[in-house]
Amino acid sequence: MVYKALTIAGSDSGGGAGIQADLKTFQELRVFGMSALTAVTAQNTLGVQGVYPLSPEAVAQQIESVGTDLGADAVKTGMLFSAEIIEVVASKVKQFGWERLVVDPVMIAKGGAPLLQEEAVSALKTHLLPISMVVTPNIPEAEALTGQTIRTIEDRKEAAKRLHELGVKYVVIKGGHDDDGEETVDVLYDGSEFFYFTSKRIDTKHTHGTGCTFAAAITAELAKGKTVQEAVQTAKSFIQAAISHELGIGHGHGPTNHWAYREKQAR
Ligand SMILES: Nc1ncnc2c1ncn2[C@@H]1O[C@H](COP(=O)(O)OP(=O)(O)O)[C@@H](O)[C@H]1O
Ligand SMILES: Cc1ncc(COP(=O)(O)O)c(N)n1
């Protein structure tokens, strides 16, 4: 069986995040990857040097080309840049009836460069979250989407409930930005229960692309027909392996190791 996943995201020339991280992750999990580019970034481990968005028409046409021929078992969105792009993406997702939609609400690169215009945050809430299956904000993104300050696990649970009210079926609030403690805890909410995915916090500066990679792994597993709980569990193991076997490339915040999970499974 060939499972297919489509990523709608920005290009990271440095290869650690964005479309590149998504396609590598799909491939590692034995899912055929397809892409619709929203923007080209000139980027490396030191930061973002340039952002060149594509027109909403160019984004729509790429999705149309994939949807009318190959089809997709699951779809992921990453950097969407503007409200106009968000609107065309939402309309195409509806047109093709794609239900397994994972929205990684990318807003700001780790170095601080904006990847989503500020006024587009409300477009995410009104157009995309109501039709998505899973949303995967990190703590600052969950704060921007809910207008709530998040410090404790209780705050995260409250934010997850608020996001669920927007119509998304499953909310995963990632704990990578919570610097306290020995563990990273990702909280999953399905509208009635909370589930916790915990791993040892790795002390490293090489976390460029962790969010993209994690959400892409969830998407790949959903494409295979796995449940959201199973998909998040695999994604957590995938990212843990990718962070712990660092590649040590570039002069700044380096990328994660996308082949580490496969090599670990093969051992
Ligand atoms: N230092 C770390 N050690 C272990 N896991 C981490 C670390 N940093 C992030 N993660 C994990 O990587 C995934 C992405 O989290 P996060 O860094 O919060 O997202 P983002 O890249 O969107 O900011 C989550 O599963 C999180 O728990
Ligand atoms: C094109 C693009 N998309 C997304 C990110 C976010 O990366 P991260 O996963 O580190 O939050 C990025 N830096 N560049």
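Start at 1 with the first residue, then count along the sequence. Order of appearance sets the numbers: ligands from 1, and atoms from 1 within every ligand. Note that the coordinates shown come from a computational prediction; the quantities given were computed from them, not determined experimentally.
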Q) Are Arg201 and Glu182 ion-paired here, with the side-chain N under 4.0 Å from a carboxylate O? A)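 No, Arg201 and Glu182 are not salt-bridged.
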
Q. Between Leu115 and ligand 2, is there a nitrogen or oxygen pair with a distance under 3.5 Å?
A.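 No: no nitrogen or oxygen of Leu115 is under 3.5 Å from one in ligand 2.
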
Closest non-hydrogen protein atom to [atom], residue and atom name please, with distance?
atom: atom 13 (N) of ligand 2; result: Gln43 OE1, 2.8 Å
atom: atom 4 (C) of ligand 2; result: Cys212 SG, 3.6 Å
atom: atom 11 (O) of ligand 2; result: Lys110 NZ, 4.0 Å

Q) Aromatic rings Tyr189 and Phe194: how do their planes relate, parallel, tilted or perpendicular, breaks at 30° and 60°? A)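 Correct class here is parallel.
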
Distance-only polar pair, side chains of [X] and [Y], donor-acceptor under 3.5 Å:
X: Gln240; Y: Ser199; answer: yes
X: Gln95; Y: Lys92; answer: yes
X: Gln20; Y: Ser11; answer: yes

Q: Verify the neighbour count for atom CD of Gln61: are there more than 12 heavy atoms of other residues, nucleotides or ligands below 6.0 Å?
A: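 Open: at most 12 neighbouring heavy atoms sit under 6.0 Å from CD of Gln61.
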
Q. Only one of Leu247, Thr210, Thr25 forms a side chain to side chain contact (heavy atoms under 4.5 Å, CB included) with Thr256, so which one is it?
A.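 So the option named by the test is Thr210.
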
Q | Rounded distance [0.5 Å steps], CD1 in Ile86 versus CD1 in Ile8 | A |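 Rounded to the nearest 0.5 Å, the CD1-CD1 separation comes to 11.5 Å.
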
Q.
If I take atom CG from residue Leu115 and atom CE from residue Met79, how far apart are they, to the nearest 0.5 angstrom?
A.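 Reported to 0.5 Å precision, the distance equals 4.5 Å.
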
Q: Look only at the side chain of Arg100 and the backbone of Leu222, and say whether a donor-acceptor pair between them is shorter than 3.5 Å.
A: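 Yes; judged by distance alone, with no hydrogens or angles, the pair exists.
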
Q: Mark yes or no for whether Asp104, through its side chain, and Val106, through its backbone, hold a donor-acceptor pair below 3.5 Å.
A: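 Side chain of Asp104 to backbone of Val106, a donor-acceptor pair under 3.5 Å: no, none is there.
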
At less than 4.0 angstrom from any non-hydrogen atom of [X], what atoms of ligand 2 do you find?
X: Gly211; result: 9 (O)
X: Gly209; result: 8 (P), 9 (O), 10 (O)
X: Ser11; result: 1 (C)
X: Val106; result: 4 (C)
X: His208; result: 10 (O), 13 (N)

Q) Does Ala113 come within less than 4.0 Å of ligand 2, judged by its heavy atoms? A)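 Heavy atoms of Ala113 never come under 4.0 Å of ligand 2.
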
Q) Would you call Gly78 a ligand 2 contact, heavy-atom distance under 4.0 Å? A)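 Gly78 does not count as a contact of ligand 2 under the 4.0 Å cut-off.
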
So what's ligand 1 close to, N/O to N/O, under 3.5 Å?
unit_1	atom_1	unit_2	atom_2	d
ligand 1	1 (N)	Ile202	O	2.9
ligand 1	3 (N)	Ile202	N	2.9
ligand 1	17 (O)	Thr210	OG1	3.2
ligand 1	18 (O)	Gly176	N	3.0
ligand 1	19 (O)	Lys174	NZ	3.4
ligand 1	21 (O)	Lys110	NZ	2.9
ligand 1	21 (O)	Thr210	OG1	2.9
ligand 1	21 (O)	Gly211	N	2.8
ligand 1	22 (O)	Asn138	ND2	3.3
ligand 1	22 (O)	Lys174	NZ	2.7
ligand 1	23 (O)	Asn138	ND2	2.8
ligand 1	23 (O)	His177	NE2	2.6
ligand 1	25 (O)	Asp186	OD2	2.5
ligand 1	27 (O)	Asp186	OD1	2.9
ligand 1	27 (O)	Asp186	OD2	3.3
ligand 1	27 (O)	Lys236	NZ	2.9

